[in-house]
Amino acid sequence: MKSKAIIILGGLLACMASCNDFLLIEPESKIYAEAVFESPQKTNAYIVGLYKEFRDSHKTWAEYSLGTDEYKLGGVQYRDNADKRGIELYNEEMTSTNQYTLDFWTKRYQIVSKATLAIDKLVDVSESDSAMARYYSEACALRGACYFELIQSFGEIPLNNTEIVAEHGSKRQPQELVYNTIIQDFQNALKYLPEHSSEAYEADKSRFSKAFAHAMLGKTYLYALEESGMRDYELAAEHFQVVYEDPAFRQTGASDYAVIFDENGLSHTDNEMEYEREMVYAFRFTNTKPDNSEQQWNVGSRAVSIMSDVEATIYFAGFDHIMPTRYCYSMTDEGGLWEEGDKRKDVSIRYDFTYEGMTPVLLGWCYGDELDPHIKKYEDKRIEEKGLNTFYSGKPMPYLRFGDIVLCYGEALYFSGEQARGIQLINEKIRARAFGGRPVGPNMWPTDLPADEFMDRLMDERMRELCFEGWRRMDLIRTGMVEKLVPARNTWFLNEGITTVDKNRFRYPIPLDEISMNQDMGPESQNPGY
């Protein structure tokens with residue numbers, strides 16, 4: 001594939017024995033393709049490098065997920081950054097040279113290209129060679145995950161698979177072919193990935209298990225864009241059921257929602273088992289650069305950042321890059337999201353900015369929203385203990401959680417003809433935990449909800465359970481709810497009096513760099529509206 005995404009061959013010095021080792025690996029400048037895969041040690045280092053790229057490509061998840069009813073650009077960002085503003089409003093400022101959509105495209109195709117090289121080299125590996133077989137499945141899963149994110153964001157995309165390029169070239173491929181390729185990648189991942197409760201997975205939780213592949217297969221069938229003809233609720237339910245019944249998650253996930261966002265959840269504390277019962281896959285970070293996540297720096301309050309002698313050293317300080325919408329932080333009796341007694345609200349959103357008796361104030365350079373409610377999930381108190389600022393926040397970032405899988409499973413069951421069972425599942429595993437009690441009473445949903453009401457409730461429930469975890473934009477697009485919910489709830493739509501969304505811009509623009517450099521693409525390859 002003669003594209004900007006073509007691989008620059010590289011490798012890594014050391015193999016990885018644990019998550020901590022993974023975080024310490026440094027890149028090696030020159031390892032030739034043939035040499036990389038001559039030994040398990042070198043192959044392992046190469047795959048570890050792909051995991052690190054996949055993890056780091058999600059540090060800036062917020063910019064890729066703007067334009068929702070869940071969170072909005074902070075005022076300073078909205079005023080000063082046209083590229084972000086274009087994504088937020090689906091308007092003419094979102095162009096084919098947008099730096100954030102280009103970054104999204106480039107980082108994922110770099111992983112795709114490197115994963116394809118590994119797949120081609122390992123495709124004939126013997127099952128008896130368990131280490132190399134696992135590396136093959138991991139490469140398939142990494143490529144499948146990147147393709148999944150790309151098609152959900154751009155529509156038809158080029159496929160870098162060697163056999164597809166040989167037959168079809170490097171042009172954008174039909175959605176059916178793309179989704180079938182993703183499905184095949186995850187099916188190949190299932191062949192040799194370890195079970196989630198196995199010693200192999202327990203030894204290094206920064207890598208995938210079979211549960212990841214089943215969850216992503218379920219997501220692929222559930223999230224397939226409607227025009228692709230590939231959405232299949234029954235097949236989605238089959239794969240979600242496997243994860244749901246996996247004893248590693250005990251069909252409950254964490255019993256306490258708060259533990260999911262405990263910065264000490266990965267240390268050997270009483271919370272560790274609870275935390276791991278929830279995580280199908282999480283990105284693991286530390287408070288040390290370059291393995292810091294930087295999330296709190298992006299989502300904390302700018303007004304709090306100047307309250308200490310060293311900028312942004314208070315654990316909930318930051319720079320307002322993204323913030324909850326009013327709908328997302330308000331109570332239902334105020335026309336918002338949260339029901340009385342829902343324990344997830346105060347875990348997810350910060351309302352109070354008082355710190356050790358000090359109250360922040362808005363200065364002239366502020367926009368005015370710096371003390372509105374902020375995202376709380378990524379606050380990392382460990383930085384204060386270490387004398388760091390919030391740039392060094394390193395709390396794990398969930399990618400696939402048991403709560404997400406239950407909601408997806410319930411939805412797939414509902415639309416497979418098992419409406420009551422799907423709703424009861426959500427009541428028992430999601431709603432009951434949220435309200436700290438048994439799945440009975442007024443907080444539980446009736447099991448005979450009609451489809452429209454079920455989807456309205458489900459989309460609010462997904463926001464309550466998964467807010468600021470990166471799924472909202474995909475959820476709005478796959479359910480056709482962008483036009484209904486975004487103008488009615490997104491702060492900037494309301495402020496600007498914008499009442500419609502350009503459907504053409506549900507898809508990101510194909511980057512101009514790609515169209516210019518890919519010999520099989522031209523101006524006609526651009527998405528409509530750009």
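The first residue of the sequence shown is numbered 1, and numbering continues consecutively from there.
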**Study point:** Side chain proximity check, Asp56 to Phe285, heavy atoms < 4.5 angstrom
**Key:** yes
Point to revise | Phe283 side chain reached by Pro398 side chain, heavy atoms, under 4.5 Å | key: no
Can you name the residues that form a side-chain contact (heavy atoms from CB on, under 4.5 Å) with [X], not counting sequence neighbours?
{"X": "Val280", "result": "Ala211, Ala215, Val243, Phe249, Leu400, Ile405"}
{"X": "Ala254", "result": "Val259, Ile260, Glu274, Glu278, Arg433"}
{"X": "Glu156", "result": "Arg172, Gln175, Arg507"}

Results of salt bridge (charged side-chain N to carboxylate O under 4.0 Å, His left out) for [X] - residues two or more places apart only:
{"X": "Lys107", "answer": "Asp103"}
{"X": "Asp69", "answer": "Arg472, Arg489"}
{"X": "Arg344", "answer": "Asp342, Glu461, Glu465"}
{"X": "Glu149", "answer": "Arg108"}

**Study point:** Centroid separation Trp338 to Tyr327 less than 6.0 Å
**Key:** no
Taking ring pair (Phe, Tyr, Trp, His ring centres under 6.0 Å) as the definition, give me every residue that meets it alongside [X], ordered by chain and number, with sequence neighbours left out.
{"X": "Phe212", "answer": "Phe208, Tyr281"}
{"X": "Phe104", "answer": "Tyr64, Phe154"}
{"X": "His168", "answer": "none"}
{"X": "Tyr179", "answer": "none"}

Review point. Between the side chain of Gln295 and the main-chain N/O of Lys59, is any donor-acceptor distance below 3.5 Å?
Key: yes
Review point. Which side-chain hydrogen bond (donor to acceptor under 3.5 Å, both in side chains) pairs, counting each pair once, include a residue from residues 444-456, with sequence neighbours left out?
Key: Glu453-Arg457, Asp456-Lys484
Review point. Any luck finding a side-chain donor-acceptor pair between Tyr221 and Glu238 under 3.5 Å?
Key: no
Practice item. Ignoring hydrogens and angles, state whether a donor on the side chain of Asp380 or Asn287 is under 3.5 Å from an acceptor on the partner side chain. Key: yes
